[in-house]
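Working notes, structure below.
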There are 2 protein chains.
Amino acid sequence: MSNSKLYKGSLNTIILQLLNQHNKMYGYEITQKVKALTKGELNITEGALYPALHKLEAEGLLDVEVAKVDNRLRKYYKLTDTGTKETVNKLEELADYIKTMQALVNPKLA
Amino acid sequence: MSNSKLYKGSLNTIILQLLNQHNKMYGYEITQKVKALTKGELNITEGALYPALHKLEAEGLLDVEVAKVDNRLRKYYKLTDTGTKETVNKLEELADYIKTMQALVNPKLA
DNA sequence: TTCTTATGCATAATAAACTTAGGTATATTT
DNA sequence: AAATATACCTAAGTTTATTATGCATAAGAA
């Protein structure tokens, strides 16, 4: 993912928000989109991504739709209503995290 | 620590930066300082803190000095030179993390 | 045309970080 | 006297991600 440990725990937030922005995406597409948006700084490993997608689906946050393109399989994921609500929570948590960490790191500005 | 998973991986950064700001601190003091600075949002658990302090010491980033106050033990930790350098790295990583996550979450501003 | 890279999915073993749940001990407050 | 605060600690278990694989098709390079 990155040599920085700070990304630990951020994967679900990233997945949900990408699906929030792009409606439906498949796994490989997510890895490429993250790489592009972060200019190579963040590389989602498949060993992390696929289990995460399966878990989000099992929790009812994502729906899957299988498609065949160029004779190759794709699994398109999209947010459920519950998933959309959870995305809002995750984004709030991210904003809170950033605010809290900045308060810790630079208490003068708090 | 917090109900948000985003803090996973942030503990070392927090410890190092607190020691960077306050010169020397002991474990319990760190938990209270974090609680105060974050207005209760972040509570470092002792099960996470003490092993983390021991590891940072073993890696040569912290020095320990034992003191007895009111007949109770205190272990004061402070940054070594290496620890000070590593703190700079951690703070850069945090800034990069925030920038990257904001680029992912709000690509319009990127 | 063969070999490598890209696309696309997946899991299993291991490692790292943290939670939960204990344990010990002294000081202070109720 | 009992509960809370101070102050340290570890061990079992969970979560999250890494590393290492595996399978299969398409496209590009040698």
Who are the side chain to side chain contact (heavy atoms under 4.5 Å, CB included) partners of B:Thr80, not counting sequence neighbours?
B:Asp63, B:Thr82

Can you see which heavy atom on B:Tyr28 is nearest to which on B:Tyr50, and at what distance?
N-OH, 3.8 Å

Need to verify one output field. Residue with the more 5' nearest nucleotide on DNA chain D, A:Ile44 or A:Asp70?
A:Ile44

So which heavy atom on B:Tyr77 is nearest to which on B:Val64, and how close?
CE2-CG2, 3.4 Å

Side chain to side chain contact (heavy atoms under 4.5 Å, CB included) partners of A:Thr38, counting only residues at least two apart:
A:Val34, A:Glu41, A:Leu42, B:Thr100, B:Leu104

Just to be sure I understand the geometry, which residues of residues 46-68 of chain A put a non-hydrogen atom under 4.0 Å away from DNA chain C?
A:Glu46, A:Gly47, A:Tyr50, A:Pro51, A:His54

Between B:Tyr97 and A:Ser2, is any side-chain donor less than 3.5 angstrom from a side-chain acceptor?
no

When all nucleic acid strands are considered with a 4.0 Å heavy-atom cut-off, which category describes A:Arg74: base, sugar-phosphate, or nothing?
sugar-phosphate

Could you identify which residues of residues 12-30 of chain B place a heavy atom less than 4.0 Å from some atom of DNA chain C, listed by residue number, or say none?
none

To the nearest 0.5 Å, how far apart are CD1 in B:Ile15 and CG in B:Leu18?
8.5 Å

Which pairs count as salt bridge (charged side-chain N to carboxylate O under 4.0 Å, His left out) when at least one residue sits in residues 71-83 of chain A, sequence neighbours excluded?
none

Shortest non-hydrogen contact from A:Val105 to B:Gln21?
O-NE2, 2.9 Å

For B:Leu6 and B:Ser10, which heavy atoms make the closest approach, and how far apart are they?
O-OG, 3.7 Å

Residues passing the side chain to side chain donor-acceptor pair (under 3.5 Å) test with B:Thr13, sequence neighbours excluded, are none

Could you pull out the closest heavy-atom pair between A:Ala52 and A:Leu11, with the gap in Å?
CB-CD2, 3.9 Å

Partners of A:Lys35 by side chain to side chain contact (heavy atoms under 4.5 Å, CB included), sequence neighbours excluded?
A:Gln32, A:Asn43

Look at the side-chain N and O atoms of B:Thr45 and state whether any lies under 4.0 Å from the OP1 or OP2 oxygen of C:dT19.
yes

Under a single-linkage rule joining Ile, Leu, Val, Met, Phe, Trp and Tyr whose side-chain heavy atoms are separated by less than 4.5 Å, which residues share a cluster with B:Val66?
B:Leu73

Nucleotide range of DNA chain D contacted by chain B, 5' to 3', under 4.0 Å to a heavy atom?
D:dA5 to D:dT16

What residues in residues 83-100 of chain B put a non-hydrogen atom under 4.0 Å from any atom of DNA chain C?
none

Go through the structure and list residues passing salt bridge (Lys or Arg N to Asp or Glu O under 4.0 Å) with A:Glu59, not counting sequence neighbours.
A:Lys55

Which ones in residues 2-11 of chain A lie close to DNA chain D, meaning a heavy atom under 4.0 Å from one of its atoms?
A:Ser2, A:Tyr7, A:Lys8, A:Gly9, A:Ser10, A:Leu11

State which residue, out of A:Leu79, A:Leu56, A:Asn12, fulfils the side chain to side chain contact (heavy atoms under 4.5 Å, CB included) condition with A:Leu61.
A:Leu56

